[in-house]
Amino acid sequence: MQTATDAYKLLHDGIQALAKVEQAGLRIDVEYIKNKKKEITREINALEKQFLKTTFFKDWLKSSKEVNIYSPTQLGKFLYTTKNLKVFKQTVTGKGATDEEALRQLRIPELDTLLQIKKLKKIRDTYLESFEREQVNGTLHPFYQLHLVKTFRGSSDSPNFQNIPKRDKEAMDICRKAIYPRPGNQLVEFDYKQLEVRIAACYNGDQKLIDDIVSGDMHRDVCIELFKIENFNKEELTHSTLRSATKNGFVFPQFYGSYYKNCAINLACTWGQLPKNGRWKKGQGIPFEDTYLANHLIEKGFTSLDKFTEHVRDIEKDFWEVRYGVYTKWKRDWWQLYQQKGYIETKTGFRLQGVMNQNDVINYPIQGSAFHCLLWSLIEGVKAQTKEHWDSRIVGQIHDSIIMDVNPRELKKVIKVMRCIMCNDIRQKWEWITVPLDVDVEIHPVDGSWADKLKN
DNA sequence: TCGTTCACGC
DNA sequence: GACGTACGTGAACGAA
């Protein structure tokens with residue numbers, strides 16, 4: 001186990017290594033950004049024009065002298081007071097929400113246009129704008145901090161390199177097409193696989209969890225139970241879709257401390273929208289074994305969201321009391337330890353104190369220690385690139401991944417060294433890592449952008 | 001200037 | 001038995 005002195009040294013070495021990462025930076029295509037911004041602006045203007053012509057907007061204008069279509073306050077007032085629509089989702093202050101989820105529930109087609117406009121504005125004003133503003137002679141130098149986050153994770157700003165779109169294909173493409181390696185080089189990403197879950201297993205020592213990480217498939221197992229699937233086949237599109245829904249709508253939320261009611265709603269949205277009145281009709285949802293998911297669920301007796309929720313409650317009970325019973329016991333002991341001492345200590349030597357609830361006490365040390373694995377690997381990576389006089393450099397970091405600008409002649413060697421640092425050396429250094437670590441390596445084409453994939 | 005709401009990442 | 005997903009950065013709005 002690590003001491004406070006070790007913890008200090010990690011931050012000391014870490015921030016110096018990150019300074020080298022900041023100094024290296026990433027090339028960006030300023031011309032592309034300028035053109036893309038113009039293109040998006042034209043698109044926004046056209047969509048705005050379209051929106052302003054709708055009866056929805058005209059009614060809105062009648063109800064109020066001046067309308068700002070981008071004001072959540074004004075939109076909420078119009079939807080939930082003037083039009084008196086039912087509130088599906090509330091904000092933290094108890095008002096009707098106007099975020100994407102809330103607006104989709106209302107099923108008003110005009111609002112889809114508004115959402116598309118907002119998405120484009122986000123891309124233009126948060127990402128492209130900041131890339132252009134912060135670049136120096138065509139190189140972007142995102143900043144990294146180690147002193148701001150209460151879990152002892154890192155953060156990034158000016159611009160934030162850690163929240164650039166990835167899941168939404170259109171947004172990902174537009175933003176990441178601005179980012180390049182130096183001429184003749186290629187971007188390579190080293191992603192720790194399931195890092196937080198593996199670090200959780202180091203804390204709780206749950207053998208079932210470790211077995212699942214090393215050779216099992218927990219998402220598949222839970223998926224089969226949740227949707228009562230016979231003869232699960234990973235190659236079948238429907239089954240892999242439901243496995244993803246299970247992973248993102250049940251397993252991960254459960255690890256972060258969510259509970260069955262929210263999970264049930266997540267899972268019931270597998271067809272995009274929550275069924276009206278909490279009941280679904282035949283023919284709804286994704287295709288499923290010659291019919292539809294709704295048909296399948298009705299056949300299994302889950303005719304309504306309430307019935308399905310009871311089922312999810314039972315699955316949750318089994319998940320924590322049977323499947324990962326050791327993990328559950330650790331959670332109780334760990335919470336008790338915090339209550340006795342008033343603080344907890346991470347495997348990496350940091351002390352977490354202050355007012356925390358049960359979820360915080362469980363999640364903070366896991367999140368922090370997971371990041372520290374990445375940070376240690378980054379320090380060693382910077383050491384290697386300096387000592388071995390590589391042209392290749394680490395140019396970014398996103399919590400559990402490292403992004404490098406690699407000279408193709410060094411590609412094989414760089415991958416070999418980074419893999420060795422991230423999976424082997426770190427376990428020599430930190431014996432508390434009792435679970436194997438693994439990395440995904442994604443290689444982008446030579447002279448390709450961060451959005452470009454290697455053609456095989 | 002600051003709190004709120006929203007949206008992006010892990 | 002009820003309750004309840006963690007951590008960030010940043011843009012825009014609107015009240016102070």
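Proteins come first, then strands; the chains are lettered A, B, ... in the order of their sequence lines, and each starts at number 1. These numbers come from the heavy atoms of this one structure, side chains and all, not from hydrogens, waters or symmetry mates.
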(request) Would you indicate what A:Arg133 reaches in the nucleic acid, counting non-hydrogen atoms under 4.0 angstrom: base, sugar-phosphate, or nothing? (result) sugar-phosphate
(request) Give the rounded distance in Å between these two atoms: NZ of A:Lys331 and P of C:dA6. (result) 13 Å
(request) Tell which nucleotide pairs with C:dA2, taking only Watson-Crick or G-U wobble pairs whose two distances are both under 3.5 angstrom. (result) none
(request) Please determine if a side-chain N or O atom of A:Thr91 lies less than 4.0 Å away from the OP1 or OP2 oxygen of B:dT5. (result) yes
(request) Return the nearest nucleotide to the side chain of A:Tyr256; candidates are C:dT5, C:dA11, B:dC6. (result) C:dT5
(message) salt bridge (Lys or Arg N to Asp or Glu O under 4.0 Å) for A:Asp59 and A:Lys62? Distances and angles first, verdict last.
(response) CA-CA 5 Å; A:Asp59 289 345; A:Lys62 274 181 212 158; 3.8 Å; yes
(message) Heavy atoms from C-beta onward define the side chain here; which of C:dT9, B:dC6, C:dC7 lies closest to that of A:Asp360?
(response) C:dC7
(message) Looking only at the aromatic ring of each residue, does the gap between the centers of A:His311 and A:Phe227 stay below 6.0 angstrom?
(response) no
(message) Can you confirm whether or not the ring centre of A:Tyr364 sits under 6.0 Å from the ring centre of A:Phe350?
(response) no
(request) For B:dC6, take OP1 and OP2 only and decide whether either is under 4.0 Å from a side-chain N or O of A:Lys118. (result) no
(message) Using the side-chain heavy atoms of A:Asp125, tell me which of these nucleotides is nearest: C:dA11, B:dG9, C:dC13.
(response) C:dA11
(request) Looking at every strand, decide which applies to A:Ile366 at a 4.0 Å heavy-atom threshold: base, sugar-phosphate, or nothing. (result) nothing
(message) Heavy atoms from C-beta onward define the side chain here; which of B:dT5, C:dA6, C:dC13 lies closest to that of A:Lys95?
(response) B:dT5
(request) Write down the distance between NZ (A:Lys119) and P (B:dG9), rounded to a whole number of angstrom. (result) 11 Å
(request) Determine whether any donor atom in the side chain of A:Arg153 lies under 3.5 Å from an acceptor atom in the base of B:dC10, or the reverse, and answer yes or no. (result) yes
(request) Go through the N and O atoms of the side chain of A:Asn163 and the base of B:dC8, and report whether any donor-acceptor pair is under 3.5 Å. (result) yes
(message) Please classify the nucleic acid contact of A:Asn68 as base, sugar-phosphate, or nothing, using heavy-atom distances under 4.0 Å.
(response) sugar-phosphate
(request) Could you check which of B:dG9, B:dT5, C:dG10 has an atom nearest any side-chain atom of A:Lys122? (result) C:dG10
(request) Flag the pair A:Lys429 and A:Asp425 as a salt bridge only when some basic side-chain nitrogen lies within less than 4.0 angstrom of an acidic carboxylate oxygen. (result) no
(request) Just compare C:dA11, C:dT9, C:dC7 and give me whichever is closest to any side-chain atom of A:Gln367. (result) C:dC7
(message) Checking base pairs now: Watson-Crick or wobble, both atom distances under 3.5 Å. What partners B:dG3?
(response) C:dC13
(request) For A:Asp99 and C:dA12, give me the distance from atom CG to atom C1', rounded to whole Å. (result) 16 Å
(message) Taking the minimum atom-to-atom distance to the side chain of A:Asn160, which one of C:dT9, B:dC6, C:dC13 wins?
(response) C:dT9
(message) Checking A:Arg104 against A:Glu100 for the salt bridge (Lys or Arg N to Asp or Glu O under 4.0 Å) test, could you report, in this order, the C-alpha distance in whole Å, the side-chain angles of both residues, the deciding distance, and whether it holds?
(response) CA-CA 6 Å; A:Arg104 297 251 184 249; A:Glu100 179 173 1; 3.0 Å; yes
(request) For B:dC10 versus C:dG4, give the span between their P atoms, rounded off to a whole number of Å. (result) 28 Å
(request) Calculate the interatomic distance between A:Asn359 atom CG and C:dC3 atom P; express it in whole Å. (result) 15 Å
(request) Quick one: label A:Glu100 by what it contacts on the DNA or RNA (base, sugar-phosphate, nothing), any heavy atom closer than 4.0 Å. (result) sugar-phosphate
(request) Would you mind classifying the nucleic acid contact of A:Tyr259 as base, sugar-phosphate or nothing, using non-hydrogen atoms under 4.0 angstrom? (result) base
(message) Expressed as a whole number of angstroms, how long is the span from A:Ile362:CD1 to C:dG4:P?
(response) 18 Å
(message) Of the options B:dT4, B:dG9, B:dA7, whose atoms approach the side-chain atoms of A:Thr93 most closely?
(response) B:dT4
(request) Whole angstrom is fine here: how far is it from CE in A:Met172 over to C1' in B:dC10? (result) 17 Å
(message) Taking only side-chain N and O atoms of A:Ser158, does any of them lie within less than 4.0 angstrom of OP1 or OP2 on C:dT9?
(response) no
(message) What I want to find out is whether A:Asp360 reaches A:Lys150 closely enough, with some N-O distance under 4.0 Å, to be called a salt bridge.
(response) no
(request) Looking at every strand, decide which applies to A:Ala97 at a 4.0 Å heavy-atom threshold: base, sugar-phosphate, or nothing. (result) sugar-phosphate
(request) Rounded to the nearest angstrom, tell me the gap between atom CD in A:Gln90 and atom P in B:dT5. (result) 11 Å
(message) Check the phosphate of C:dC13 against A:Thr73, side-chain N and O only, distance under 4.0 Å to OP1 or OP2. Yes or no?
(response) no
(message) Using OP1 and OP2 only, check whether a side-chain N or O of A:Ser258 sits under 4.0 Å from C:dA6.
(response) no
(message) How many whole angstroms separate atom CD of A:Gln74 from atom C1' of B:dT5?
(response) 14 Å
(request) Let me know, please, whether A:Thr151 or A:Pro159 comes out on the 5' side of the other along DNA chain C by nearest nucleotide. (result) A:Thr151
(request) Measure from the ring center of A:Trp450 to the ring center of A:Phe131 and say whether it is less than 6.0 Å. (result) no
